[in-house]
Enquirer: 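The structure's right below; bear with me while I get my questions together.
Every value quoted in this text rests on a predicted model; they were computed, and no experiment measured them.
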Amino acid sequence: MGDKRLPFSEETWLKYVGAYRNLSDPTELGEADDPEELGDVKLVDTQVVTFDEIIRLIGKVAGGTGSQMDDNQENLRLINEAIMKLRSYGDKDNADLLQRFMNEIVDHDLLEAKLTIEENYRAFVAEVALGQLEVYAIKWGVQLSDLERVYRNYEIGSDHIDYIGDLKANSQMEESEWDNLPDNDGKPAFLKKIQFKTVLQDDVTKWLYQTKTVYGELN
């Protein structure tokens with residue numbers, strides 16, 4: 001039969017898949033949603049290539065001088081174009097992080113000279129991740145140290161969450177946003193505490209998967 005032919009370009013197909021990925025819950029995506037292979041139609045791993053190219057271009061911009069202004073402007077244009085493609089191909093989270101890295105670190109000459117561009121980026125992502133942990137800890141009235149230990153020991157896709165018992169035991173329901181929900185008004189305190197522990201574990205389970213999928217390991 002030969003290779004199957006798509007009625008549109010590979011780039012168009014990747015954009016369709018990317019739009020689907022950006023709108024979908026990552027916890028609900030399965031192997032059938034992987035765009036790298038569709039029957040006999042092979043799709044290039046554009047996201048990985050694009051990320052590597054962005055890092056290479058950032059290195060050129062960061063190492064540029066005043067006499068290379070024209071080259072830097074072109075590299076900046078290519079970086080922005082690559083980030084837009086990364087987003088349109090469904091990797092919105094990494095695209096947003098790369099854009100923030102450019103805006104907050106590269107543009108302000110805050111790169112650590114002893115680190116490579118990629119190492120600088122990984123350190124930046126880890127710092128952003130810690131910020132997300134702080135926000136979540138406040139939202140749910142849990143200890144940041146407990147949440148960080150849970151996060152560090154969690155393996156993506158695992159049904160088992162180490163130290164979740166300590167997280168729940170040390171949580172303060174009264175400090176959580178959940179405690180102030182209208183649905184909880186008038187409930188007996190003992191019932192609220194039981195429900196809180198259950199809801200907390202369910203939310204942590206989903207949050208861990210989503211957050212660690214985006215940010216990866218902490219430094």
Side-chain angles (χ1 to χ4, degrees), residues 21-22 24-29 47-48 50-52 54-55 57-59 61-62 79 82-83 86-87 90-181 196-197 199-219:
R21 279 187 161 185
N22 285 332
S24 300
D25 184 338
T27 61
E28 297 175 355
L29 293 176
Q47 291 178 20
V48 174
T50 304
F51 174 79
D52 291 342
I54 293 171
I55 294 297
L57 290 170
I58 292 175
V61 170
I79 289 170
I83 290 175
L86 196 65
R87 184 176 288 109
D91 203 350
K92 181 181 181 299
D93 294 319
N94 273 322
D96 290 346
L97 283 169
L98 281 162
Q99 191 66 67
R100 283 189 61 181
F101 179 63
M102 287 294 298
N103 295 341
E104 299 175 22
I105 304 298
V106 179
D107 290 350
H108 293 280
D109 296 324
L110 296 178
L111 292 167
E112 289 286 344
K114 63 183 180 180
L115 302 178
T116 66
I117 297 298
E118 184 167 355
E119 288 170 342
N120 269 281
Y121 175 70
R122 299 303 179 192
F124 169 76
V125 172
E127 184 177 342
V128 175
L130 284 171
Q132 293 297 311
L133 264 67
E134 291 178 7
V135 170
Y136 192 85
I138 293 172
K139 177 181 179 180
W140 281 97
V142 299
Q143 297 296 315
L144 179 59
S145 57
D146 289 336
L147 183 60
E148 184 175 336
R149 183 165 65 160
V150 167
Y151 183 95
R152 289 184 182 278
N153 287 276
Y154 172 72
E155 294 185 8
I156 296 175
S158 174
D159 293 330
H160 178 71
I161 301 177
D162 290 328
Y163 306 112
I164 187 67
D166 293 339
L167 180 79
K168 292 193 296 182
N170 296 329
S171 63
Q172 299 294 323
M173 181 189 70
E174 295 80 6
E175 297 179 8
S176 71
E177 292 181 9
W178 181 88
D179 188 48
N180 295 318
L181 293 176
F196 175 72
K197 303 289 186 182
V199 173
L200 174 61
Q201 175 150 349
D202 289 344
D203 199 86
V204 167
T205 301
K206 186 174 183 178
W207 176 85
L208 278 173
Y209 180 89
Q210 293 175 333
T211 306
K212 200 157 190 178
T213 297
V214 174
Y215 300 106
E217 300 293 343
L218 301 175
N219 289 345

Enquirer: Is Glu119 atom CD crowded by more than 12 heavy atoms from other residues, nucleotides or ligands, each under 6.0 Å away?
Expert: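 Counting neighbours around CD of Glu119, more than 12 heavy atoms of other residues, nucleotides or ligands fall under 6.0 Å, so yes.
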Enquirer: How close do Leu97 and Phe124 get, counting heavy atoms only, and between which atoms?
Expert: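 Leu97 and Phe124 have their closest heavy atoms at O-CE2, 3.6 Å.
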Enquirer: Can you sort out the partners of Glu104 under salt bridge (charged side-chain N to carboxylate O under 4.0 Å, His left out), two or more places apart, ordered by chain and number?
Expert: Arg100
Enquirer: Can you sort out the partners of Glu217 under salt bridge (charged side-chain N to carboxylate O under 4.0 Å, His left out), two or more places apart, ordered by chain and number?
Expert: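 Only Lys212 meet the salt bridge (charged side-chain N to carboxylate O under 4.0 Å, His left out) criterion with Glu217.
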Enquirer: Would you list the atom pairs, donor with acceptor, under 3.5 Å between side chains in residues 128-144 and any protein atom, with sequence neighbours excluded?
Expert:
unit_1 : atom_1 : unit_2 : atom_2 : d
Tyr136 : OH     : Asp203 : OD2    : 2.6
Tyr136 : OH     : Val204 : N      : 3.3
Trp140 : NE1    : Asp203 : OD2    : 3.3

Enquirer: Could you tell me whether a side-chain N or O of Asn120 sits under 3.5 Å from a main-chain N or O of Glu112, the two making a donor and an acceptor?
Expert: yes
Enquirer: What residues, two or more places apart in sequence or in another chain, satisfy salt bridge (charged side-chain N to carboxylate O under 4.0 Å, His left out) together with Lys168?
Expert: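 Result, salt bridge (charged side-chain N to carboxylate O under 4.0 Å, His left out) vs Lys168: none returned.
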Enquirer: Using 0.5 Å steps for rounding, measure from the CD1 atom of Ile161 to the CD atom of Gln201.
Expert: 6.0 Å
Enquirer: Once you round to the nearest 0.5 Å, how far does CG of Asp179 lie from CD of Gln172?
Expert: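 Here the rounded value is 11.0 Å.
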Enquirer: Does a side-chain heavy-atom distance below 4.5 Å link Arg149 with Leu167?
Expert: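 Answer no - side chains too far apart.
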Enquirer: Evaluate the side chain to side chain contact (heavy atoms under 4.5 Å, CB included) criterion for residues Val106 and Tyr121: first the C-alpha distance (whole Å), next the side-chain angles of each, then the deciding distance (0.1 Å), finally the verdict.
Expert: CA-CA 10 Å; Val106 179; Tyr121 175 70; over 6 Å; no
Enquirer: Between atom CD1 of Ile55 and atom CD1 of Ile117, what is the distance when rounded to the nearest 0.5 Å?
Expert: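 Those atoms lie 7.5 Å apart.
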Enquirer: How long is the span from the CD1 atom in Ile58 to the CG atom in Leu98, to the nearest 0.5 Å?
Expert: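 The CG atom of Leu98 is 6.0 Å from CD1 of Ile58, to the nearest 0.5 Å.
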Enquirer: Can you list everything that forms a side-chain hydrogen bond (donor to acceptor under 3.5 Å, both in side chains) with His160? Sequence neighbours excluded, please.
Expert: Asp162
Enquirer: Calculate, to the nearest 0.5 Å, the distance between atoms OH and CD1 belonging to Tyr154 and Ile164 respectively.
Expert: 11.0 Å
Enquirer: Show the nearest heavy-atom pair for residues Ile79 and Ile54, with the distance to one decimal.
Expert: CG2-CG2, 4.3 Å
Enquirer: Considering non-hydrogen atoms only, spot the tightest contact between Phe196 and Ser171 and give its length.
Expert: CE2-OG, 3.4 Å
Enquirer: Minimum heavy-atom separation for Val150 and Tyr163, please, with both atom names.
Expert: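 What the structure gives for the nearest pair is CG2-O, 3.6 Å.
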Enquirer: Just jot down the ring-ring contact (aromatic ring centres under 6.0 Å, His included) partners of Tyr215, sequence neighbours excluded, or say none.
Expert: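 If we apply the ring-ring contact (aromatic ring centres under 6.0 Å, His included) test to Tyr215, skipping adjacent residues, there are no hits.
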Enquirer: CG of Asp146 to CD of Glu148: how many Å apart, nearest 0.5 Å?
Expert: 10.5 Å
